[in-house]
Structures are given as C-alpha cells and as structure tokens.
Amino acid sequence: MATMVQEESVTAHLKTPEVTIDVQEIPSAVKPSLLILYNDGEEDIVGIFADVLGQKWEATASVDAVKAGPSETVYGLKNGLAGAQLEGWDRSRLLINTHRVDGGHELDEALSDRCDYEYLYTRTPFFRRDVSRYLSLILGQIAPHRDLAKKARTTLISTTFPDVHAALPNLDILSVGADAIEIRVDLLEEPLPDGTVNKAPTSIPSLKYVGEQVMILRQRTELPIIYTTRCTNENGRFPMDDPNLFYKYLARAIQWGCEYIDVELWLPEEIRRRLAENKGCSKIISAFHDFTGTFQWTAPETQRLFEKGAVYGDIVKMYALVNSMQENYELEYFRSTIQAKYPHPPFSGLNMGPTGQLSRTMNKIFTPITHPLLPMIAAPGQLSAAEINAALHTMGQVAKQDIYGIGSVRSTSQAMFFEKCFNELSLPHSFMFAPRAPKASIEHILRRPNFGGAYINPPLAASSAAYLPSLSNAARAIGQVDTVLIRPGTSSSSFIGDNARWKGIRATLTRDFVPSAYSGAAALLLASNEADASASIFALKSLGIGPIYTIGFKSSGPLSTDVQPVRSVEDVKRLQQPFVIISALPAEKSLLVVPLLKHYRVDGRNGSTNGHGSAGGKPAGKVFVDLASGPRKGDPLAIATSAGWTAYGISDVSAWTTVETLRQLVGQNVCYDFVRLASGRGLF
Ligand SMILES: O=C1C[C@@](O)(C(=O)O)C[C@@H](O)[C@@H]1O
C-alpha cells in the first residue's frame, strides 16, 4: 500500500489542510506480469515494453522458464516458438502478441486468438507514446471512461473515411471539441491487390486491414477510440447473416486496446454476453438504431430496450429516425424518466433526420458530431460541434461569458489561441486579459459582470485568496490556485479555486511511461522554494511515487510525507537512484541540475526518446522534466537527452496544462497536439 493524493473532491476553503490528503490503495502499485510474443528479429520491442513499464525484461525460449521466473520480469518469447508451448498455458501472466506491421512478417491469426491482447506497430515511424497508452489502458492504469463520465457533455467524431490515412492531415483540427473518435469499420474499403476496391455489399475489410487502420488512427490521436461495426439494417455496411463475424471483429478490437466497442442490440444475447465477459478494460456501447420511422419513445417496449441494453452496456445508445417535432419532446421525456429510474448506465438518445436535430443538441452523452472536412456525414441530421454549440447558445443553454487570462505578462499568443478555439467551436465567449500586479488581489476581476472563469499565471497562493469559497483538493494540497471556475448551476459568485498545473505535469510524466513505472520509485526534485515544487510533488504522489528527495528547499506543507531534503554529496551517493528528476528552478539557475543528470546518467541509453537502444534486461527508463521558462544559458534538456534521459520541457507541461484548463473552463476537449500545432512556439 502506498500513499496517494486524492484530487477529486472540492471542499470549503477553510478546512484544515490535513483533510486534503487521503491514503488509498493504488492499483497501479502492483507491477504487471507479462509475457510478450514477438516477431523473429524484433526482440527489442520487449525491451521497449519493459522500459515503458519501468520493469526488467528477459528473452527466453521456454514457457516453463517464464512460469518459474519472477512475476515482475517481463518475458519475451519469439512467436514462432509459442505455438505448442502454449498448450495448457496457465494464464499466470497477461499474454500479449506483438506484431510489427512493416516488417514483412505474416500475422498468425490463430496465435492472436490465443492471446489476451495484441499490439500492432510500425517501426518506421515508431510511436513510443502509443505503447504507453496501450499498456496503460489494458492494464487498467488509465480510465478514460471514468474521466469522460465527469464531463457535463461528451461528443464523438464519427469518421467516415474508407482509409484513415485520408484523415491524418486534418486529424487535429477534426478532433477539436471531440471527446472520442469513432472508426466505422464497416465503412473501411480495403484495396484489392490490383488497387481497386471490392464494392460488393457483402464485402468487408479483412481483420488484417482493420487492425492496421486502428493502429494508424491510434498512433496519431490521443482520443479514445470507438470501434463500430454498423450493420446493414442500421445504416451501415456490416452484413448481418453471420453474427459470429461481429464477435470476431469486436473481440479483436478489445485485444487491440480500443477504449470502446459498439455492440448492436440485435446481436444474439450469447454474443453480447461473451463480449462483456471478455471486455477487459474496454467499455461497451450498446447500440440500437431504428430507421423505420415508426419508433415510439412513449411505447413500453422502449424502456425494455433500454433495460436490455443496460445488461451489458456501459453506455446505452438508442437512436431513431423521426418525422415530427413531437418526437423530440417525447424523447426528452423518455430521457429524463429513464435516467431518473436508472442513473447508470448513461443514456445517449437521439432522433435522426433533420427534424431530430434538436435532440442532437439536447443529448449529453457521446453526441456524434461531424466536421466539414469529413467526406460524408455518418447519419442523417448529424451536426458539427460548432453547430451544436451555436444552437445551445441560441436556446439559452450556453451563456456568453468572459473568460480571463490573469497574469503578469500579457501573452497575445495565448489570447489568440483561446479565441481560435472559441471561434472554431462557435462558443459565444470572449477571452479577456487582465494584468495582475504582484501581490494585488484579483477579487475585483472575479466580481466583474460576465466573469466566466480564469486561468492565473503565475498562480495565486491559496492562503491569500479567502474570497474563493471552495478549493479543489489539489489546489488546497498544493497551496496554489491557477484556475478559477464557477460552480456549475450556481450564481456567478460561487467560485472554485483549482490547480491544473499538476495535471499538466502528470500527463507529461505518463506520456511515455505507464503510471505503475513510477510506483515506489524515487524522485529528485529541485526548486528554490516549496511553492514552486508543490504541483510536481502532488503529481508525483498521484502516481504513487516512493521517496521524493529535494534539493534547494525543505518540504513542510501538507505534502511533506516521504519528502526529504538532500543535505550533502554523501546523501546523493547513499540515496536510492531517482527514476525521475524534476527541476522547478528558475531559468537562470536551471543549469544546476546538469551534474545530477550526468551523475545518474542512464546506462545503455543512446539518448533517443523512442526507446530503441534500451539496455537489455535492466529497467532503463529515466525521466527528466525541466519546468523553467524563459531565456537561459545552457540547455539542460539537450544535456539530459544525450545522457540517456527521456526529457521534457515547459512547453510539454504547458500544453497539457492548457488542455486541462480549456476542459475545466469551457468544458471542451482540445487535444495536446492541436495545442502544440495551433499555438506555435510563441505560446509558452
Ligand atoms: O451510432 C451512431 C450514430 C450515428 O448513426 C448518428 O446518428 O450520428 C452515426 C454513427 O457513426 C454512429 O455509429
């Protein structure tokens, strides 16, 4: 059991600091036990997996050796050797088949069937962050569904490309405002060897093609993937004569680590049950579509359909093609009564067709959206995120507000970026910059008419902001407020002080490493004072880090358990080797970290951050984050990289923090890659 900070709840400002930190058991503290199968000649994928996990690894030729070995060691076995040896496999480890798509190897589908999971990858290019995301999901160390459940509204962008390659150039812009991305497997068109496409209504793309398409999509987006095999009866192309085909394709999607699979309600119960039993960490969207034009939301049968979907669905989706406005009112009545009766699972209900568009603005769970850059809309009446937001504003559901950037230096590019997002999403808000004199209170800004929320940079000491009636646990424990929110559904003076920075740091740390890589490991933190370091301490503790050693300050606040100062060079020699070093020193002092980076140089790493070249056997992953911004003499990031560290700078942390800030302030999801793309280097 490790100590962990809890970030979820919001409490009144004046409570004692002690209540802000809970001790919980962290599931990720358990190091996963894995057996990885790899293609001939591709052994180093095992090393990369182990590196991402922060665990040791070993290649072996014998399953018996694997069974006898330590559970924390990641074992790699050539997939050609696996076949017979896997007879009677005791399932003592998760079995993951890895397959390099661009390596000229044949995929053995019978072997895939026998594995728990399958990871498809390319070597050129190689995406380490994809390995990290994949492992984090299948090991249950991230929970995108739980995170999305906290949002007031969620959307999915339904892509309709016959080949996802066509989506890639515009993917970042297409995804603005989307919380998940749907791949319509039934709309994929696999080219025949002669380059033409089989247009026969019954032709479906092969699993090999679909796997590669999912891989390509996931390499380029951080959005959760919804994998849909829409049948011919429900406006799709997947043939319905063999329900087992659905099982085959959907079960594989679970093995590929898709966050959601769409399981149609007409499928035999036995198939839906088996998928639910084997879903691992994927979630099921139970889907029902009625295109007859005779569907009735008021019929008793409609509630039974919901109940049937709720048996195996984590979300129940019911969509009907309608012809009259009245049916929108009936749907809204159904929505409110069914969710009052069954708050779980969440209900996504829509009316399709132009008359049903109103319901696309009323629905709050995974509303499918389209984008002008998509080749076609996925269903009649589909709207874009911008159209939905504009409609909501017109109906008085999204009030126009002034969103503030409060800071000591006016950043025009930051203002432009917020404005760009508001425009792209047709949000009615204005972005305002408010200068903040050092030490001056910002209360008067919060009291301005139309104040809708703010980010504050540099952050505000929580102790100096008694006018904020509530603080999130993170803001209280960190002692700093960098975001002011208005409590939903209340008057504009019900403010909540929050902290987004720690999430930016955490997201940076877990980009290329799974959360459990940090559990129990040591960290070294440099800062001139505790306040500069506290968001980092919170982020590290949220990952179940072991001891945190500090240089430049001593921790005495609510986060000080297991945080100890390094007092001497002797200490440096004696203490546990750090897995992560974070420097929160100001730019002019940032070179002070260099001797430590060199002292703890990472053996066997060649400096590339994609994980190739990791030392065989040893867990080699080491992370360095430099939070300094502004001009400085040397470049600690370059030095860290050449000493074998996986290094990140303030622009990474700030971009992730911006993602979080936008989510909190305006409830919209804008991907990290879009923040980096749209803001250019000037933003940070
Ligand atoms: O189920 C749905 C909803 C949808 O049919 C719509 O009406 O927007 C679009 C489909 O892509 C998706 O799978």
Side-chain angles (χ1 to χ4, degrees), residues 153-162 164 167 174-175 177-189 204 210 213-214 217 223-238 240 246 249-250 253 258-267 282-293 295 297 305-306 309 313-323 327-328 331 335 345-388 391:
R153 290 180 168 271
T154 47
T155 61
L156 64 92
I157 175 103
S158 27
T159 61
T160 48
F161 293 99
V164 298
L174 283 174
S175 313
D179 296 291
I181 186 161
E182 178 185 54
I183 178 163
R184 282 283 301 268
V185 171
D186 57 295
L187 298 182
L188 295 175
E189 292 180 357
I204 54 165
V210 174
Q213 293 277 306
V214 170
L217 184 61
L223 291 179
I225 291 180
I226 301 176
Y227 176 104
T228 301
T229 47
R230 185 68 64 239
C231 73
T232 47
N233 247 7
E234 302 192 11
N235 203 31
R237 294 204 194 139
F238 223 76
M240 299 173 72
F246 285 80
Y249 276 67
L250 292 166
C258 290
E259 285 80 356
Y260 293 92
I261 55 169
D262 177 294
V263 179
E264 296 182 341
L265 193 60
W266 67 272
L267 285 165
S282 301
K283 298 291 172 196
I284 289 182
I285 301 178
S286 162
F288 167 86
H289 293 77
D290 185 303
F291 282 88
T292 61
F295 183 79
W297 290 105
L305 283 172
F306 177 90
D314 298 288
I315 291 177
V316 175
K317 169 168 171 176
M318 292 170 65
Y319 292 5
L321 185 66
V322 300
N323 303 303
E327 286 156 291
N328 290 326
L331 164 56
R335 194 192 307 283
F347 171 65
S348 177
L350 282 190
N351 282 330
M352 295 178 291
T355 325
Q357 283 182 331
L358 175 66
S359 69
R360 292 189 183 262
T361 63
M362 302 302 281
N363 180 58
K364 293 189 172 156
I365 309 290
F366 271 163
T367 305
I369 52 173
T370 183
H371 193 281
L373 291 173
L374 285 171
M376 62 175 188
I377 55 166
Q382 242 186 13
L383 300 169
S384 66
E387 286 170 324
I388 291 177

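Remember, it's 1-based here, ligands and their atoms both numbered in the order they're listed. Atoms considered below: every heavy atom in the structure, side chains included; atoms not considered: hydrogens, waters and symmetry mates. The chain is numbered in sequence order, starting from 1.
Note: Phe347 and Phe306 have perpendicular aromatic rings, judged against thresholds of 30 and 60 degrees for the angle between ring planes.
Remark: ligand 1 atoms within the under-4.0 Å shell around heavy atoms of Ser158 are 11 (O). The contact set between ligand 1 and Ala378, taken as ligand atoms under 4.0 Å from a residue heavy atom, comprises 9 (C), 11 (O). Every atom of ligand 1 with a heavy atom of Gln382 under 4.0 Å away is listed here by number and element: 6 (C), 8 (O), 9 (C). The Glu182 neighbourhood of ligand 1 comprises atoms 10 (C), 11 (O), 12 (C), 13 (O), with distances under 4.0 Å to a heavy atom of that residue. Close approach to Pro368 involves these atoms of ligand 1, each under 4.0 Å from a residue heavy atom: 3 (C), 6 (C), 8 (O). Heavy-atom proximity to Met352, at under 4.0 Å, picks out these atoms of ligand 1: 7 (O).
When the options Val322, Thr367, Asn351 are evaluated for a side chain to side chain contact (heavy atoms under 4.5 Å, CB included) with Ser359, the one that passes is Asn351. The only member of His371, Gln382, Arg184, Arg230 that meets side-chain hydrogen bond (donor to acceptor under 3.5 Å, both in side chains) when paired with Ser158 is Gln382.
Residue contacts with ligand 1, taken as heavy atom pairs separated by less than 4.0 Å, involve Arg360 solely via side-chain atoms from C-beta onward.
Thr228 and Tyr260 share no side-chain donor-acceptor pair at under 3.5 Å.
With Arg335 contributing its side chain and Gly349 its backbone, the two residues share a donor-acceptor pair below 3.5 Å. Between the side chain of Asp179 and the main chain of Thr155, a donor-acceptor pair closer than 3.5 Å is present. With hydrogens and angles ignored, the 3.5 Å screen pairs a side-chain donor or acceptor of Arg153 with a backbone N or O of Asn363.
At least one N/O-N/O distance between Arg230 and ligand 1 falls below 3.5 Å. Below 3.5 Å of separation, one finds no N or O of Tyr319 facing any N or O of ligand 1.
Nearest protein neighbour of atom 10 (C) of ligand 1, counting heavy atoms only, is Arg184 NH1, 3.4 Å. Of the protein's heavy atoms, Ala379 CB, 3.3 Å lies nearest to atom 5 (O) of ligand 1.
Shown here are the side chain to side chain contact (heavy atoms under 4.5 Å, CB included) partners of Gln357, two or more places apart in sequence or in another chain: Leu383.
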